[in-house]
Structures are given as structure tokens and as C-alpha cells.
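What follows is a short report on a single structure.
Reckoned from all heavy atoms, side chains included, excluding hydrogens, waters and symmetry mates. Just follow the structure's listing: the first ligand is 1, and inside any ligand the first atom is 1.
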Amino acid sequence: MPNRNPNLARLKAGYLFPEIARRKREFEASRAGGGTPASRIISLGVGNTTEPILPHICAALEEGARALGRTETYSGYMDEGLEELRRRISSVYYGGRFGPDEIFISDGSKCDIGRLQVLFGSEARVCVQDPSYPVYVDGSVLSGAAAGRQETGGGYGGIRYLPCTAANGYFPDLSAIEEGSVIYFCSPNNPTGAAASAEQLNALVRQARATRSFIVYDAAYADYIRDPGLPRSIYEADGAAECAIEVNSFSKSAGFTGVRLGWTAVPHKMAYTDGGSVNADWARIMATVFNGASNIAQAGGLAALDGEGQKEIRALTDFYLGNAALILEVLRKKGIPCMGGGNSPYIWANFAPEKSWDAFSRILERCHVVTTPGAGFGPAGECFIRFSAFGHRADVEEACGRLGRLL
Ligand code: PL4
């Protein structure tokens, strides 16, 4: 029988979010036998949208489904995605600077992050913000990036962690980036909520170019940016089109977490050391391992990018930011140092010296509120808790009341 892929053995522990769900189930089971009437568990844990898709975008999804039921409007595989959708993405997010063949439609940004490592192979030097969304590290480990290289400090078997802490304003020391690295960078950041400034992104791009590195920029929360001075895309930095891929999605902006639609921008200007085109390789990979996003989802995506759709995105993200403000307020009243929330749906709260999983358990047991332990996002997340602002308003208010009384 075949051997197990050794990269699977290199993964540390289970994937974060199923582990949280497991601990929640365990807690529910433990109190079920206790006989004490218990309040409902509320989740401020996983970043999963809760509010209905707004009417204009939802009507387009409905029409997209109906179109499949008529001969004259039926469509099958749409491997590369609707050209009009790719044009609108370029226009709305990138000022029209990219042609449709530089925008690749996908079934969500996580899926593309998982596929992107194929571009760089197992020899890639990977840098990640610490803390960061676990898929950058786990996806790289699965692709073998951690297999062939010795740890050179602060890393995870060849993956270099760039600490982002209060001491450095949640922006990493870029001098740690080695020649020829693949740098995963997320802004507004999950989990810290920090949104990088224009100066910071310019510095990141300068360093990437100086070290002949590539940036994989995750802009999944760009639509939460409210500060008009903050960049919404890596391509606002000079020279980024030569060194940066950007992933984004409709998940957190339009509520498409279950619909599944995203995109990746891969500019023609990006070239490897040997001059080969990154765009051509990405087109080849996508043509080989991906069969296109759902036609229905793309109909919804088109609507999300017109005037009415953009208003709905603004309203939906405003709603979640309203939740974030409530959570921030109660934590600050409790004297817990925290950040994020203003340009992001996440609040990053410092419970030091209490360890993350201990704080997670204490909040679950006392308040019946599920959170996400910061240690799950990397070593620099230890002693932090991430609160997600995705939830119905009544639930968030109830959770905030409990945090205020019981924490
Ligand atoms: C739980 C920085 C959430 N099961 O929906 P997608 O694939 O377009 O977006 C996924 C994604 C991409 N980039 C960043 C993200 O934070 C997310 C979603 N993260 C969270 O709570 O951190 C949902 C996590 C989901 C998962 O594993 O992704």
C-alpha cells in the first residue's frame, strides 16, 4: 500500500477551527449531565457570516439559478470565470489597472491560498506574519515547504514567523525576510485587526523587491476598511504589480461564505528569477486543478459589484463593524487591552499572563461564549483571544452583557 505523504506528519496538531468546535461540544456534553439550567452558548469564535444576503445581490443569485433552468440561458463549465465579472473586479478593486486575464475567479480565497503554493514548490522559503490565518502555514507545510530546510530561528521547520506585536505596532521587522521568499501578508489582519498604512505597504513592497521575494497579499477584509487613508489593496504600493499576488473574496463583504466566490489577481508583470511568467503558470495550474466557480455565485458577484451591490456591501460590513464596536467597548470597560475592530471584524484582546486556551476555557465556562484562542494563530498569539464580530446583533449584545458581568 502507498506510504503516507510525510508532509501530513509535519502538521502540528489539528486544524484550529475544528478543535474549537470539538472543545465546545465537549463543554456542552459536560454540562448536559450537570442538571444546572445553562444559558445558550453564543459564538464569537469562527469568522462565519450570519446575516442574510441583501436583496439586490440575493435576487441576482436567484436569477442565476433560474437561468440554468432555461435552454436559452443555460450555461455549463465556465472555467475562467465570466469576463464581465473579471472586468468589474479590476474596475472596483484595482482602478481598472488589470486586464481580465490577470484576474482569476475562484471558489474563495482559502481555496486559492491552498493552491498557490504549487507555484513555488517545496523549496520555497515562506514568511508569515505571526500571528496569522493558519492556512498560510498549514498549506505551506502540506506542500512540503517545511520539509527540506533547517529552521533558522523563529520558524516552524523552515517557515519563518515575523512577529507582529504591540511592541512593533503589529507590523513585522522586514529585515528578517530572506532572499527569494514567499511572504504571506494579510491586511486588515486576521486575527489582530491591524490594517497596514500606505507607508508600511510601500516598505513591504520595497523589501520584497530588494530580496527578490513575492508577496501573497490576503485582502479578504478590505471592505471593512473605514479609515480613508488606509490602502485597500497591495497594488496601491509602488511596484507591487512586479512582486505581489492578491487574493480576495465575496465571503466577508457580501456574505458569500457558503456561496463560495473569490478571486486572485496575478499581474502579467510578475516574473520568476528565470524570467518565466507567474501569470501563465497560475493559468496552467487553475486550468488543471480547478473547474471554475459556480455560475450562480458569479451572477451574484456581478450584482455585488454594481452600484446597488456596493451599497449593500457597505451596509453589511457596517453592521458587523457595529458588533465589533460593542465588543470593543465591553472589553475596554473591563480593562482588557485590545485592538482591531475599527477597520476589521476582529478584536484582538490581551489576557496575559493567562494562556490563550485557559482564557478560552474560562470565557466558555463562565460566560458561555465561544472565542478563538490567539495561540492558534502562531506563537506571538499566546495569551491573546480573538473575538469575531460575526453574529446576530441580539446575540452579540447578550454575549457582551455576559462578558461585562461575568468575566
Ligand atoms: C473558518 C484572512 C475565518 N472554515 O471564504 P474564503 O475562502 O474566501 O475566505 C477564507 C479566509 C481567507 N483569508 C482570511 C480569512 O480570515 C478567511 C476566513 N477565516 C476565521 O475565522 O478566521 C473563517 C475560518 C473556515 C476556514 O478555515 O477558513
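In this structure Thr50 satisfies the side chain to side chain contact (heavy atoms under 4.5 Å, CB included) test together with Tyr320, His392, sequence neighbours excluded.
Between the Arg332 side chain and the Ile327 main chain, no donor and acceptor come within less than 3.5 Å of each other. Judged by distance alone, the side chain of Arg386 and the main-chain N or O of Gly45 form a donor-acceptor pair under 3.5 Å. A donor-acceptor pair under 3.5 Å is absent between the side-chain atoms of Lys252 and the main chain of Thr49, judged by distance alone.
Side-chain contact, Ser75 with Asn295: a donor N or O sits under 3.5 Å from an acceptor N or O.
Listed by chain and number, Tyr15, Phe17, Val46, Gly47, Gly108, Ser109, Lys110, Tyr133, Tyr136, Cys186, Asn190, Asp218, Ala220, Tyr221, Ser249, Ser251, Lys252, Arg260, Tyr346, Arg386 each place a non-hydrogen atom less than 4.0 angstrom from ligand 1.
Just one residue in the list Ile245, Asp281, Asn279, Leu119 forms a side chain to side chain contact (heavy atoms under 4.5 Å, CB included) with Met270, and that residue is Ile245.
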